[in-house]
Amino acid sequence: MTDPTSIPTYKPEVIETKWQKRWEADGLYHADIDPDKPKFYALTMLPYPSGDLHIGHWYAMTPSDARARFKRLQGYNVLFPMGFDAFGLPAENAAIQRGIHPKAWVFQNIEKMRGQLKSMGAMFDWRREAISAEPSYYKWTQWFFIKFFQNDLAYQKEAPVDFCPNCNTTLAREQVQGEDRHCERCGTPVIKKNLRQWFFRTTNYAEELLDFSGMDWPERVQTLQTNWINRSEGASVIFKTTTGDDIEVFTTRPDTLWGATFMVLAPEHPLVPKLTSDSQKEGVTTYQDQAKRMGNIQRESAEREKTGVFTGAYAINPVNNKKIPIWIADYVMMGYGTGAIMAVPAHDQRDFEFARKYDLPIEVVIQPPDIDPIDPEEMEGAVPASGDMVNSGPLTGTPGEIAFEKAVEYLEKHAIGEATINYRLHDWLISRQRYWGAPIPIVYCPKCGAVPVPEEELPVKLPDDVEWLPTGESPLKLHPTWRFTECPICGGEAQRETDTMDTFMCSSWYHLRYLSPYYDEYPFDPKEYDYWMPVDTYTGGIEHATMHLIYTRFFHKACRDLGITRGKEPMLQLRNQGMVLGEDNEKMSKSRGNVISPDDLVKIYGADTVRAYLMFFARWELGAPWNSSGIEGSIRWLRKVWYTFLEPEDTDRQATAQAIKNLRRKVHQTLQSVTRDFENFNFNTIVSALMELLNEMAIAKALGIFSTEAWREAESIYLRMLAPVCPHIAEEIWAQTGYEYSIHNQSWPEVDLEATREEEITLIVQVNGKLRDRLVVPADIDEESAKLAALDSENVQNFLEGKQPKKIIYIPGRLVNIVI
RNA sequence: GCCGAAGUGGCGGAACUGGCAGACGCGCACGACUCAAACUCGUGUGCCUUCGGGCAUGUGGGUUCGAUUCCCACCUUCGGCACCA
């Protein structure tokens, strides 16, 4: 077979275009409700229309497509939709750079990317495409906002919020990342601004979001979300100031309350101006200004020496009525708990450092059993361990194990505090001071307040004629006429809200819009919802673990409570792919010049080869660096597939019964493992199993097996296993070998268990656990014969050196281990 | 500091329930084909070896007849969180 020219060569560019056209013309991948079939909703994260389909998109989507196709062959009615997350900052920023309108830019990108996506040969049902920036889509994004508003899940408040000075907009807490607290999009460190903004009550669902029961989500994502929500059990306690104000604190150590010798408020705490005495005013204001200027970078570093200022005010420790000073310090954060703490220097390291520096009293109230009696004068650090309560009034002597609950009991009995659970999760800030987003559908009326736009007036359309360059002010505010309107209630003059919504709002429900993108009476057609939801498999990047994947769960649960959606979770199973790095093992980027373009690869190799290689070259969930010569292996494999199935055999030999049996065994064994691997997202071993089987088939073909029934069976099974991975070549060979169109409408082959059975096995013979011989024996060999055969082995005899075996271990079908 | 994941040939990786470590592919070497090269095909390819074998899955222990797999401790890399009260 040195010159396989008897048939036309494999030309992917020809057959791929041909079949893509045919499939589209036939509506092969249309997914419609079919009550007679089990449904399968396979969802993969929708791309941002940034202009070009990246190899990362292919890496994420190809295996998702292959698995959706596998499910389809298994007999499921599979929905595998695609769309574009088209609102938001990146589109707007790119448009600014190019001086072109965001809308024009985004829609021209969508046009291009749709074509690129089609070149993958994926089974997307394009009739269900949804684009979040279309009025028919964001109408319903606005509708959800109004539902949330009407049910107290959306509210406005003035608060210090994170603001990106480069993107010129506020950000949700989740969009601020890293030690330096930078913007998720542009990397600029954020600043705090006091602004009146819209929030969703995600914290209402904090507890429920911690519950992953019944969900097949990666441990990793569960951990990331759990850490992000950061639940801690403790107590809230009210401290009264000597002037009668209440200061609420949260503590995880109510058992140390008797040791609270001072209080610390965050510099931004709203009570600070009121509490500060005249003599301390100057120092306090200076400190506040300094804290503000310093920003979060240095402020949130634990290594920094603690600083603070006395306010001049005092509070009363409610458990022992001691008068304790109130300080402000930047180690207390306004964004966590209540922004105020009771300081217990003996048992908290931060409080200890602070107390030592400013010479504040230290009271020991916990004595851990395994530590010498603690002397406050001699301490070199706080003792945070739990232990028996001491110097704690009526609770003195309470053992460490029950100290927490006894202390809470005491607080509740005396009405000075109660058990509380605190979360780090914040309510979701959804206001954005940018142009390219869905307008928040609220009207401000001087008489009626914040009034939602009536449903029949939705969508509140985003005007095109806006000066959309970001200034920190909402661009819609600068439009000459857009914001002026009438109050929907009283008809008086009123103004529209000019902020737009966070794009994560759009992507929180896109899986619902796919169900019926043209439906105009509701966000989705309830019939479609009843059939398709929930999403069975969701695939996408891990980077959304604490953003999109929390928001969409919240969204679903909130909608469920409003009677819009049903069930505990929107997505039952989640899998995350890893990242394709450049050949230099670095993240791909234009500046590094290590970007791999899928378009170029398709031109050279064809889509099937790119698909196969992306599934083969790494463990999907881990990713790996790209390897340009590695992909050659995939094209070689497909060429070999081509010739092996299409070229007539070149031998006069007649296949023996044994050869036929061997072929069938390998085919059905491979089918077994490929089926299992598809189920488990082990895509790399699917391809390697297919390569291995092909190698065996090529050998079998030389033995004259080509015209047998066994070959015909092998061919049919092989092509159906290949079809999800390489849909074009599989369809082409399927047609050329005389099967009925389309391979993608066939059913997944059944394993013939009888055929998989081995007749002979290689018996491993060990002496003291070390391999000494391999014996080919009948598969059904009994224990006695296996042991005898092992002892009989010449090699074994050499190692026995005439000694008597102490013990002989026999593992049926596998090995004999002789212990001497 | 806390939480999580991963460490296997020159490289990507395989090993289903504790049972042949290195499947499959890349790369490399040699050979065939060719005027030549590419393609294609074939053979070989963990390390050491006195050719008997010995050593090898980050390191060190443990359990076991037997450990890449289970347990303990540690090291390295990556990711997340972090003065979280």
Side-chain angles (χ1 to χ4, degrees), chain A residues 1-4 177-179 218-228 230-232 234 249-253 256 264 266 299-304 306 329-333 335-344 348-351 353-354 422-424 542-543 545-546 585 612-613 616-619 621-634 636-637 639-640 643 672-673 676-677 680 682 684-695 698 762-771 773-774 795 798-799 805-811 813-820:
Chain A
M1 214 176 71
T2 46
D3 188 19
Q177 297 177 340
E179 205 170 345
E219 220 33 66
R220 183 153 66 132
V221 175
Q222 294 186 30
T223 311
L224 286 172
Q225 293 201 350
T226 305
N227 289 348
W228 184 261
N230 193 20
R231 175 188 200 269
S232 54
V249 302
F250 172 77
T251 176
T252 51
R253 292 298 299 278
T256 64
V264 187
R299 188 175 157 183
E300 292 195 359
S301 155
E303 280 99 67
R304 214 180 104 242
K306 307 222 166 350
D330 61 10
Y331 79 91
V332 174
M333 304 292 148
Y336 186 76
T338 60
I341 61 158
M342 62 174 209
V344 185
D348 181 282
Q349 184 59 27
R350 296 154 297 174
D351 300 344
E353 286 167 29
F354 196 76
N422 190 60
Y423 303 94
R424 201 197 47 184
I542 187 84
E543 67 274 15
T546 57
N585 208 1
Y613 186 60
F616 174 70
F617 89 111
R619 255 160 78 182
E621 70 275 20
L622 293 181
W626 183 258
N627 181 338
S628 292
S629 51
I631 193 171
E632 296 287 342
S634 296
R636 271 175 220 155
W637 168 51
R639 277 193 208 114
K640 187 166 175 178
Y643 291 119
Q672 238 172 355
S673 71
R676 190 186 62 220
D677 289 346
N680 299 331
N682 292 330
N684 53 342
T685 44
I686 291 172
V687 178
S688 62
L690 289 174
M691 289 174 169
E692 214 180 314
L693 174 57
L694 186 74
N695 291 343
T762 306
L763 189 71
I764 302 309
V765 182
Q766 297 180 333
V767 177
N768 283 346
K770 286 194 193 278
L771 177 72
D773 207 355
R774 297 160 210 229
N795 238 338
N798 288 341
F799 277 91
K806 225 186 263 172
K807 192 155 54 154
I808 303 178
I809 314 260
Y810 173 65
I811 306 293
R814 287 190 189 276
L815 64 75
V816 176
N817 187 11
I818 299 161
V819 188
I820 51 171

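Order of the sequence lines sets the chain letters (A, B, ...), proteins ahead of strands, with each chain counted from 1.
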Distance from [X] atom [atom1] to [Y] atom [atom2], nearest 0.5 Å?
X	Y	atom1	atom2	value
A/Tyr613	A/Trp626	OH	CH2	6.0 Å
A/Trp637	A/Leu690	CH2	CG	5.0 Å
A/Lys770	A/Ile818	NZ	CD1	15.5 Å
A/Asp773	A/Leu815	CG	CG	13.0 Å
A/Met691	A/Arg636	CE	CZ	10.0 Å

How far, in whole Å, is [M] from [N] if one measures between their [atom1] atoms?
N	M	atom1	result
B/rA21	B/rA14	C1'	10 Å
B/rU59	B/rU69	P	11 Å
B/rG1	B/rU8	C1'	32 Å
B/rG66	B/rA56	P	15 Å
B/rG22	B/rU68	C1'	11 Å
B/rG4	B/rC72	P	13 Å
B/rG60	B/rG46	P	23 Å
B/rG10	B/rU49	P	16 Å

What integer distance in Å separates [X]:[atom1] from [N]:[atom2]?
X	N	atom1	atom2	value
A/Asp348	B/rC84	CG	C1'	10 Å
A/Tyr336	B/rC2	OH	P	17 Å
A/Arg639	B/rC39	CZ	P	10 Å
A/Lys306	B/rA85	NZ	P	14 Å
A/Asp773	B/rG52	CG	P	15 Å
A/Tyr423	B/rA85	OH	C1'	17 Å
A/Ile631	B/rG12	CD1	C1'	14 Å
A/Arg619	B/rC11	CZ	P	17 Å

The glycosidic conformation of B/rG52, counting syn as within 90° of 0 and anti otherwise, is syn

Classify the glycosidic conformation of B/rG54 as syn or anti, calling it syn when the angle lies within 90° of 0.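 Chi for B/rG54 falls in the anti range.
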
Where is the tightest heavy-atom contact between A/Ala612 and A/Ser634, given as atom of each residue plus distance?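 Closest pair (atom of A/Ala612, atom of A/Ser634, distance): C-OG, 4.3 Å.
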
Looking at every strand, decide which applies to [X] at a 4.0 Å heavy-atom threshold: base, sugar-phosphate, or nothing.
X	result
A/Gly813	nothing
A/Lys770	sugar-phosphate
A/Arg676	base

Can you list everything that forms a side chain to side chain contact (heavy atoms under 4.5 Å, CB included) with [X]? Sequence neighbours excluded, please.
X	value
A/Ser629	A/Asn627
A/Thr226	A/Leu210, A/Phe212
A/Glu692	A/Lys666
A/Glu621	A/Arg619

Counting a pair only when it is Watson-Crick or G-U and both distances are under 3.5 Å, which runs of at least 3 such pairs involve RNA chain B?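 As far as RNA chain B goes, consecutive pairing (with distances under 3.5 Å) yields the stems B:1-7 with B:75-81, B:10-12 with B:24-26, B:27-32 with B:40-45, B:46-48 with B:53-55, B:58-62 with B:70-74.
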
Contacts of type salt bridge (charged side-chain N to carboxylate O under 4.0 Å, His left out), residue A/Arg253, not counting sequence neighbours: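 Once residues adjacent in sequence are excluded, the partners of A/Arg253 under the salt bridge (charged side-chain N to carboxylate O under 4.0 Å, His left out) criterion are A/Asp255.
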
Tell me, please, which residues at least two apart from A/Arg350 pass salt bridge (charged side-chain N to carboxylate O under 4.0 Å, His left out). A/Asp348

Letter per nucleotide, 5' to 3', of nucleotides 19-25 of chain B [B base touched, S only sugar-phosphate touched, - untouched; heavy atoms, 4.0 Å]: BB--BBS

Can you tabulate the close N/O pairs, meaning under 3.5 Å, that link protein atoms to atoms of nucleotides 44-48 of chain B?
none

Phosphate oxygens OP1/OP2 of B/rG53: is one of them under 4.0 Å from a side-chain N or O of A/Asn795? yes

Hits for ring-ring contact (aromatic ring centres under 6.0 Å, His included) against A/Phe354, two or more places apart or cross-chain, chain-then-number order -> A/Phe262, A/Trp327, A/Tyr331, A/Tyr358

Starting at the 5' end of RNA chain B and moving along, which residue's nearest nucleotide shows up first, A/Asp677 or A/Ala618?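 Here A/Ala618 is the residue nearer the 5' end.
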
Using only heavy-atom distances, determine whether the side chains of A/Asn817 and A/Lys807 contain a donor-acceptor pair under 3.5 Å. no

A/Asp677: what forms a side chain to side chain donor-acceptor pair (under 3.5 Å) with it, not counting sequence neighbours? A/Thr685

Tabulated below should be each protein N or O lying under 3.5 Å from an N or O of nucleotides 78-81 of chain B; please produce it.
| from | atom 1 | to | atom 2 | distance (Å) |
| --- | --- | --- | --- | --- |
| B/rC81 | O3' | A/Arg424 | NH1 | 2.6 |
| B/rC81 | O2' | A/Arg424 | NH1 | 3.2 |

Quick check: does any side chain N or O of A/Asp351 sit under 3.5 Å from a backbone N or O of A/Val344, one acting as donor and the other as acceptor? yes

Which nucleotide in the list B/rG54, B/rG13, B/rC41 gets nearest to the side chain of A/Lys640? B/rC41

